[in-house]
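Only one structure is covered here, and it is reproduced in the block below.
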Amino acid sequence: MGRGQPLTIRVPGDKSITQRALILGGLADGESRIRCILRGADPLATGRALRALGVEIVGIGGPGDEEVRIRGRGLRDWQEPEEALDLCNSGTGARLLAGALAAQPLTAVLKGDASLSGRPMRRVAEPLTRMGAAVDYLERDGHLPMRVTGGALSPLRHESAAASAQVKSAVLLAGVGAGVVVEVREPRRSRDHSERMLEAMGAGVVEGRVDGSWSVRIPSPPDRLEPLDMEVPGDFSSAAFVVAWAVLAGRRAPLTVRGVGLNGTRTGLLPVLARMGAEVGVTGRGTAGGEHTGDLRVAARAARLKAVEVGGDEIPGMIDEVPILAVLAARAEGVTRITGAAELRVKESDRLAALATNLRRVGVAAEELPDGLEIEGTQRPLSGFVRSFHDHRIAMAFGVLSATPGCDVPVDAPSVTEVSFPGFWELLGQLKDGGAGGGGGRVGASSAGGRGDRGDAGAGGCLVVAIDGSAGSGKSTTAVAVASRLGFRHLDSGAIYRAVTLQLLESGRSGALESVTPEELSDLAIDVRWRAGRMKVWCGGRAVPEEALRTERVTAMVSQVAAVPAVRAHLLELQRSAARGPGLVAEGRDMGTVVFPRADVKVFLDAHPEERARRRLLQRGIRPQASEIKAETARLTRRDRLDASRTIAPLLRAGDAELLDTTDLDPAAQTEAIVRRIRAVRGGRS
Ligand code: S3P
């Protein structure tokens, strides 16, 4: 399919609706059935938290189109979790759960990653404590981790300072959960997915303008919530990136994003695009899950974009689209001014600062305002390395820019997009190549997202095989062969440690390796990408050539670098995020013990030291004579002893790993033995 052909794609399910469906499903009386959920890292984290609260959820780790069933426990019967609930990067998950927990007679701790722990929680904790819940901050005032002790609550009318759907939903959930009347007034109307779903579940919601605010009230909370039966529409906020790409890239034929949620509280970008001169129409209107839906159609050829003024009332309806609007503004004629967007400073990153910094880095004149941005558009080629600031929407906005003619804008840590848009980079790559699976192709939504509901194990049913073993046992050759036989990804952790070593060597940093800080490691911007199952390491937004990883300098240093605890901790999530698609063969030290302790299959390869010595000599192109075999055997046994006794990542067979003695097995036989084992496990799982 070339650039001249009309193209139709889909984007993954709506994040906000998926999150609410999971949580509300957990409070319903009976089984909810949800189709087309977003299997991104955020909802998967919420799903894990709900399970820890005793809510049974089936199918969340399944393939993209599998229905998810949530066995609700009713309004006040969640179980006290044994451990802190880790919402990872998900603000919606943390805040909405805080609201729901306030009405449960139990104590739970909510925690998150560094980004989420930096975001304000007082905005939800404050109304919940006024209702009677107890909220304690365990580390930093006003932030996660925080302990919520819930129970019987009092009615509340809350005047929210921000137009925030998360705050509004938290209070509504607390009110419905506790069976008390609540009203939330917000300065401007924020997204109303919770209200729609609560209505569908039998809780009457009264809304309207009162004294200049938007008021939402549940005057008579019901005794029970009906279960949900719904399909999640495509996420408008994800579609916005694809639409923006089509507007900027200048295809010769229209591009359609099908089945997108068009809730009026979310589509504020559309009139702004029209004012900029972009031709984006809506066709095929329908409904799904109580929401308006439709197809977004971007006309052929690039629109000549004009700068716009956006502010005040418009921002809540496009709160998550400001990053992509900033990128569009960078290519528009004139100065775009965005105001009234101070809330962007407390998103997954300070988005105003992140956008201004990145735009300037690539050569665009951009000024930060206290509550917005001023951006002077340009047609000049734009290039420069930009940072994601661990924020999915910042990474995607600049990814879109980079995929347009005349731009080369590599983004660090591209895998942050897993939060809301699994498959984003693959889709963008296909769009750029003019393909995207052809007209009617379902791209993006079909890929399962994020880490799975089995904690460290794979996402979306991804089968994880951990392969470790002693030096010369044949683990690398076998791991590659197993992955390619089954069409799985091959995670080569050794190459990742080599890349870190290379970058540290090249950064010219002084000081002991042990003192390397998480910030320094983060600045190296190490990432991995996949093409046909083969892993490539990326640093600073560029692929690292294989040869650069194999130099003597790197080889001499890599084991020291890999022994630094901060390095291992830093790479943990990156390695775990590789568990996507049908399967992953994860090869390397501590794969079955630390990285994937719950892998589906664990194999530990070993062989007689003399056989291992012979193989290593052959690998180096040396004919294995008796004397050489003897010397190499001595070296290997010394190394085995050292490897086994080191404190950091020792060579250790996981208790539940199957030992495969490869002394008498050639690579094909080793591969066959492991493939057979995997097939047996897969058979048992399906
Ligand atoms: C969301 C509400 C918005 C939005 C976020 C999702 C929700 O946040 O930015 O991505 O699902 O309720 P605020 O409520 O903090 O504005």
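As the structure lists them, so they are numbered: ligands from 1, and atoms in each ligand from 1.
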The salt bridge (Lys or Arg N to Asp or Glu O under 4.0 Å) partner of Glu207 among Lys168, Arg217, Arg189 is Arg189

Closest to atom 10 (O) of ligand 1 among protein heavy atoms sits Asp320 OD2, 2.8 Å

Ligand 1 atoms nearer than 4.0 angstrom to some heavy atom of Arg20 are 7 (C), 11 (O), 12 (O)

* Does an N or O from Lys347, backbone or side chain, lie closer than 3.5 Å to an N or O of ligand 1? -> yes

Heavy atoms of Ala162 and Glu186 approach each other most closely as O-CB, 4.1 Å

Exercise. Please determine if Glu343 has a nitrogen or oxygen closer than 3.5 Å to a nitrogen or oxygen of ligand 1.
Key: no

In this structure, CZ of Arg580 is separated from CZ of Arg39 (nearest 0.5 Å) by 12.0 Å

*asked:* Is it true that His392 and Glu348 share a donor-acceptor pair across their side chains at a distance under 3.5 Å?
replied: yes

Check your understanding: Has ligand 1 got any nitrogen or oxygen that is less than 3.5 angstrom from a nitrogen or oxygen of Ala165?
Key -> yes

Counting heavy atoms under 4.0 Å, the part of Lys168 that contacts ligand 1 is neither

side-chain hydrogen bond (donor to acceptor under 3.5 Å, both in side chains) test vs His193 passes for just one of Arg20, Glu291, Gln19, namely Glu291

Quick look: Gln19 vs ligand 1, heavy-atom contacts under 4.0 Å, and the answer is neither

Rounded to the nearest 0.5 angstrom, the CG-CE distance for Leu24 and Met197 is 5.5 Å

Among non-hydrogen protein atoms, atom 6 (C) of ligand 1 lies closest to Thr92 OG1, 3.4 Å

For Ser16, the ligand 1 atoms with a heavy-atom partner under 4.0 Å come out as 1 (C), 6 (C), 7 (C), 11 (O)

For atom 1 (C) of ligand 1, the closest protein heavy atom turns out to be Gln166 NE2, 3.5 Å

Would you kindly say whether Thr339 and Asp371 are connected by a side-chain donor-acceptor distance under 3.5 Å?
no

